[in-house]
Every structure is written in structure tokens, then in C-alpha cells.
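So the structure is just underneath, and the comments pick up after that.
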Amino acid sequence: LSDHSIVSNEYGSLREYLDIKIKDKGVFAETDFDPELVRLMTYKSHVYSLQRSGDIIEFLPKQYITTDKLNKNGITDEMLDKIRMDVYDWDTKGAYFTIVSLEKSGFSSDLSDFGFEQFFYESILSSGDKSKRLPYIRYGGQKIFYKGDEKPSVGDFITELITLHGDSE
């Protein structure tokens with residue numbers, strides 16, 4: 001690894017190298033890789049692509065688990081799909097919600113007993129097949145999910161807040 005290029009006879013590409021290393025580990029952190037590699041756009045875009053497709057889930061910041069590893073430990077793809085559907089069907093008292101507001105409203109799932117952090121559930125809802133993942137915005141460092149088909153904007157979110165909670169008089 002030097003001058004933003006990798007030379008290896010063992011792997012055909014950086015993506016192939018990452019796929020093999022990630023699959024072998026099952027659970028990995030960004031710190032498991034060379035810092036120079038992590039800074040490459042190829043690394044970032046590939047990890048992002050794996051997250052969006054649902055092949056990996058970020059369970060803590062910059063720490064990931066493959067869905068294969070989850071499957072081997074009793075968390076099936078069907079369970080992940082079910083939590084997405086159950087959240088979508090849950091009455092959140094508005095189109096926007098966070099994991100915390102969802103839990104405060106009484107929501108729980110089959111995955112609740114596994115003891116994962118809020119970050120894990122946010123990752124589940126925002127990953128997987130495009131038809132299943134929930135759109136969200138980031139606001140104040142928080143993922144705010146939206147029950148709808150199109151990606152919301154911060155302006156839409158603020159408008160709904162004002163409409164729902166408006167003037168308290």
C-alpha cells in the first residue's frame with residue numbers, strides 16, 4: 001500500500017480483498033485495517049455499498065457484523081425483514097421517529113433480547129433491499145426515520161414538528 005495503490009498478486013482488486021477479509025472475520029472494525037486503506041475512497045464506498053445491500057450491519061460506530069455471522073448466531077434474514085416491517089406498521093404518532101422514540105412508545109421485537117445498542121437497530125432499518133429499508137435524515141447527529149416512500153428533507157421534518165406541536169397556547 002503506497003501512493004494510493006495496492007500491489008498484490010493474491011487479490012484481483014481492493015474490493016475482492018475486502019470481501020474476503022470481511023467474510024473471513026464475520027465481525028470487524030475499521031481499526032482492523034491499515035489506516036491508509038481505510039482512508040481510500042474505494043474502502044469507504046465498498047463498506048457503504050455492503051451496508052446498503054444489507055450484507056453487513058454496523059452495530060457500533062465503525063464496527064460491523066456480516067449478516068452471515070448474524071444468521072449463524074440465530075438472527076435470520078427473515079427476522080431482520082420482520083423488524084423493518086413491524087417498525088413500519090407501528091403507530092409512531094407521526095411520520096418521523098427515532099429508535100429511542102420507538103422504544104418509548106412500547107415497541108419491541110424478537111431482536112430486543114439480544115442486547116444490541118440503538119446503533120444496530122438504526123443500521124437494520126436503513127439497510128437491506130431498497131424496497132424494505134426506511135428513508136431517514138440526519139439531524140443533530142441522530143438518524144430520524146420517515147414512514148414514506150421518498151427521502152425526506154430536514155425542512156419537511158421541521159414543518160411536521162411545527163404542525164404537530166405548533167403553538168402550545
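- Tyr64 does not carry Lys25 over the face of its six-membered ring by the limits of under 6.0 Å from the centre and within 45° of the normal.
- Note that CG of Leu111 and CG of Leu80 are 6.5 Å apart. Values are rounded to the nearest 0.5 Å.
- Annotation for Thr67 and Gly54: closest pair CG2-O, 2.7 Å, computed over non-hydrogen atoms.
- Annotation for Glu117: atom CD does not count as buried by contact number, only 12 or fewer foreign heavy atoms lying within 6.0 Å.
- For the pair Lys62 (side chain) and Glu30 (backbone), a donor-acceptor distance under 3.5 Å is absent.
- The number of heavy-atom neighbours closer than 6.0 Å to NZ of Lys104, taken from other residues, nucleotides and ligands shown, is 12 or below.
- Looking at Lys21 and Asp24, no side-chain N of the basic residue comes within less than 4.0 Å of a carboxylate O on the acidic one, giving no salt bridge.
- Side chains of Gln118 and Glu103: a donor-acceptor N/O pair is absent below 3.5 angstrom, by distance only.
- The aromatic rings of Phe145 and Phe97 lie parallel to each other, their planes meeting at an angle below 30°, with 60° marking the opposite boundary.
- We find the CG-CD distance between Asn71 and Glu78 to be 8.0 Å, quoted to the nearest 0.5 Å.
- If you take CG on Leu40 and CG on Asp34, they are separated by 9.0 Å, rounding to the nearest 0.5 Å.
- Across all their heavy atoms, Arg84 and Lys132 have their closest contact at CD-O, 3.6 Å.
- Rounded to the nearest 0.5 angstrom, Ile56 CD1 and Leu70 CG are separated by 11.0 Å.
- In this structure, Phe59 is a member of the same hydrophobic cluster as Ile99, with clusters built from ILVMFWY side-chain heavy atoms closer than 4.5 Å.
- A donor-acceptor contact closer than 3.5 angstrom links the side chains of Asp55 and Ser53.
- With 3.5 Å as the limit, one finds no donor-acceptor pair spanning the side chains of Thr159 and Asp156.
- In summary, the side chains of Ser126 and Lys143 do present a donor paired with an acceptor at a separation below 3.5 Å, with no hydrogens or angles considered.
- In this structure, Phe28 CZ and Gln63 CD are separated by 10.0 Å, a value rounded to the nearest 0.5 Å.
- Counted by atom type alone, Glu58 and Gln51 present one or more donor-acceptor pairs between their side chains at under 3.5 Å.
- Going from atom OG1 of Thr98 over to atom CD1 of Ile144 covers 7.5 Å, rounded to the nearest 0.5 Å.
- In the displayed structure, Phe114 atom CZ is contacted under 6.0 Å by more than 12 heavy atoms of other residues, nucleotides or ligands.
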